[in-house]
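Starting from 1, each residue takes its place in the sequence as its number. What's counted below: heavy atoms across the whole structure, side chains too, no hydrogens, waters or symmetry copies.
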Amino acid sequence: MKQLFWLFAAALLCWSGCVDFSASKADQRLISTPDAGLHLAYGALSNYNLELTCPGQKEFPSGQPAQLRFRLKNRDRNSIKIEEWYMAEPNNIILNFRPLRSDETPEEAANAEWYTVQPEFSPDLPPPERAPLLLHGENMVFVDVAFPIIEAIPADKSTRFLVYGQLNLLSLDVVSDMFVVTAVQQDVYESGRD
């Protein structure tokens, strides 16, 4: 009886469209680029309305590991199928950041150097696994991405960063708005949590 229940539950998930096991090869081809060698490329998608935001925590204790939680939401009524979605979800987001000073001038801000945290893939290993992501209208997926710079800040220092995320996918051009992430001196962070 238990097996019948699980079989029925799996069939219901597949039928309802919550889980998509298909692996369409439409609009995919092998291409070669000088910097990346031979890899699978995906055709650009059009007519999509995706929103990338960071609704999660944005204040962390200095010297401690930090993760930013991003949300990719399909704002459209129509479903979208993202064929090149990485199964290891943090690989889908690139973080761009720069230090933020409260006394910087607009000219300094415009000329500030940006840094990037993006997934690195070894050419000696097989390419990372991908699986299609099907987002129905008004549905979303959450992706947690490590922000290692916070851990590198001494525990007795506080600083702020201007950050934005973007999808690490060739078929979509989706970028979040900029937001501020704060690394707070550990003793100040802990006293504020009491």
Distance check, rounded to the nearest 0.5 Å: [X] atom [atom1] versus [Y] atom [atom2]?
X      : Y      : atom1 : atom2 : value
Ser79  : Glu138 : OG    : CD    : 11.0 Å
Leu45  : Glu83  : CG    : CD    : 8.5 Å
Leu134 : Lys81  : CG    : NZ    : 7.0 Å
Asn47  : Asn49  : CG    : CG    : 10.5 Å

If we ignore hydrogens and angles and just use 3.5 Å, is the side chain of [X] paired with the main-chain N or O of [Y] as donor and acceptor?
X      : Y      : answer
Asn139 : Leu135 : no
Ser62  : Lys157 : yes
Ser176 : Gly165 : yes
Glu51  : Leu72  : no

Is the shortest side-chain heavy-atom distance between [X] and [Y] below 4.5 Å?
X      : Y      : value
Asn91  : Phe121 : yes
Val175 : Tyr164 : yes
Glu129 : Tyr86  : no
Glu151 : Phe60  : no
Phe179 : Leu68  : yes
Arg130 : Met87  : no
Tyr48  : Leu172 : yes
Ile80  : Asn78  : no

Find out if a path of hydrophobic residues (ILVMFWY) with successive side-chain heavy-atom gaps under 4.5 Å connects [X] to [Y].
X      : Y      : result
Tyr115 : Val163 : yes
Ile93  : Ile149 : yes
Leu167 : Met140 : no

Worksheet item: Using the ring of each side chain (for Trp, its six-membered ring), is Phe97 parallel, tilted or perpendicular to Phe147, with breaks at 30° and 60°?
Response: perpendicular

Item to complete: Give the intermediate values and the outcome of side chain to side chain contact (heavy atoms under 4.5 Å, CB included) for residues Leu170 and Glu84.
Response: CA-CA 8 Å; Leu170 298 174; Glu84 67 175 312; 4.0 Å; yes

Worksheet item: Could you go step by step and tell me if Gln186 and Gln64 meet the side chain to side chain contact (heavy atoms under 4.5 Å, CB included) rule?
Response: CA-CA 9 Å; Gln186 267 192 7; Gln64 298 293 317; 2.7 Å; yes

What are the two closest non-hydrogen atoms of [X] and [Y], and how far apart are they?
X      : Y      : result
Val174 : Leu52  : CG1-CB, 3.8 Å
Ala146 : Val117 : O-CG1, 4.4 Å
Asp144 : Gln67  : CB-OE1, 3.6 Å
Pro119 : Asn168 : CG-ND2, 3.6 Å
Gly43  : Ser171 : O-CB, 3.1 Å
Ile150 : Pro61  : CG2-O, 3.6 Å

Worksheet item: Taking atom types as modelled and ignoring hydrogens, do the side chains of Gln166 and Asn96 form a donor-acceptor contact shorter than 3.5 angstrom?
Response: yes

Item to complete: Going by the side chain to side chain contact (heavy atoms under 4.5 Å, CB included) test, name the single residue among Asn92, Leu95, Thr53, Val141 that passes it with Phe70.
Response: Leu95

Practice prompt. Go through Cys54 and Arg71 one step at a time and tell me if the side chain to side chain contact (heavy atoms under 4.5 Å, CB included) criterion holds.
Written response: CA-CA 6 Å; Cys54 184; Arg71 177 182 71 193; over 6 Å; no

Fill in: Crowding at CD, Glu107 (>12 non-hydrogen neighbours, <6.0 Å)
no

Worksheet item: Would one find more than 12 heavy atoms of other residues, nucleotides or ligands at under 6.0 Å from atom CZ of Arg101?
Response: yes

Discussion item. Less than 4.0 angstrom from a charged side-chain N to a carboxylate O is my criterion; do Arg98 and Glu113 meet it?
Written reply: no

Practice prompt. Take Trp114 and Phe161 through the test ring-ring contact (aromatic ring centres under 6.0 Å, His included) and record every step on the way to the result.
Written response: CA-CA 10 Å; Trp114 285 85; Phe161 297 94; over 10 Å; no

Item to complete: Might you work through the side-chain hydrogen bond (donor to acceptor under 3.5 Å, both in side chains) test for Glu59 and Thr182, ending with a clear yes or no?
Response: CA-CA 5 Å; Glu59 185 175 287; Thr182 306; 5.1 Å; no

